[in-house]
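Just below is one structure, and these are the notes that go with it.
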Amino acid sequence: MVKPHARRGGSTFGCLITVALLAAGLYVFLLFARPWFRNAQYEDEMRNAGKFASTTSDSLIRVRLRARADSLGLPREARRLTIKRTAPDGIITISTKYDVTVTIPLLGSKVLTFEPQAVEQL
């Protein structure tokens, strides 16, 4: 005769806690990954603008980058661009600085400061 095995509920409960912690960790990771990814896209757009700066005016660069900041949903601070051209070196520097606040449930808010910059040869 085969005896039925008694099952303990502890292992199932332990698995549930592990899955819940992994889900919470993934959620927090995504909260921080989205602003970081948007910043990377914005900085890439700055580099592209710098590559074509020899044939583009500063005002047109500003208009394009401000439009890109709006399309990415960046804060208004991100549209305050600094564009510097150095004549002897033939270098253009495009930069800005802005903050993004990430709110984590039960833990509060964290302010992320981004300073994207592009330095390109004219």
Path from [X] to [Y] over hydrophobic side-chain contacts below 4.5 Å:
| X | Y | answer |
| --- | --- | --- |
| Tyr98 | Val111 | no |
| Leu60 | Tyr42 | no |
| Phe29 | Leu22 | no |
| Phe52 | Val119 | no |
| Val19 | Ile17 | no |

> Are the side chains of Arg68 and Met46 in touch, meaning some heavy atoms are under 4.5 Å apart?
Replying inline: no
>> Within the 4.5 Å heavy-atom criterion, are Thr96 and Glu77 side-chain neighbours or not?
In response: no
Taking every non-hydrogen atom, the tightest pair across [X] and [Y]:
| X | Y | answer |
| --- | --- | --- |
| Thr56 | Arg64 | CG2-NH1, 4.4 Å |
| Ile92 | Gly50 | CG2-O, 3.9 Å |
| Ser109 | Thr103 | OG-OG1, 3.4 Å |

> Between Ile104 and Tyr27, is a side chain to side chain contact (heavy atoms under 4.5 Å, CB included) present by the stated rule, with each step listed?
Replying inline: CA-CA 9 Å; Ile104 305 169; Tyr27 178 72; 5.9 Å; no
> Between Phe114 and Leu74, is a side chain to side chain contact (heavy atoms under 4.5 Å, CB included) present by the stated rule, with each step listed?
Replying inline: CA-CA 11 Å; Phe114 293 104; Leu74 298 177; over 6 Å; no
What is the distance from atom [atom1] of [X] to atom [atom2] of [Y], rounded to the nearest 0.5 Å?
| X | Y | atom1 | atom2 | answer |
| --- | --- | --- | --- | --- |
| Leu112 | Arg34 | CG | CZ | 13.5 Å |
| Leu21 | Leu26 | CG | CG | 12.5 Å |
| Thr82 | Arg62 | OG1 | CZ | 7.0 Å |

Donor-acceptor contact below 3.5 Å, side chain [X] vs main chain [Y]:
| X | Y | answer |
| --- | --- | --- |
| Thr113 | Asp99 | no |
| Thr86 | Ile91 | yes |
| Arg85 | Ala53 | yes |
| Glu43 | Glu115 | no |

> What's the verdict on side chain to side chain contact (heavy atoms under 4.5 Å, CB included) for Asp70 and Arg79, showing C-alpha distance, side-chain angles and the deciding distance?
Replying inline: CA-CA 8 Å; Asp70 284 341; Arg79 296 187 295 168; 3.4 Å; yes
>> As a test of understanding, state which of Leu81, Val63, Ile83 forms a side chain to side chain contact (heavy atoms under 4.5 Å, CB included) with Asp58.
In response: Ile83
> Would the number of heavy atoms belonging to other residues, nucleotides or ligands and lying under 6.0 Å from CZ of Phe32 be above 12?
Replying inline: yes
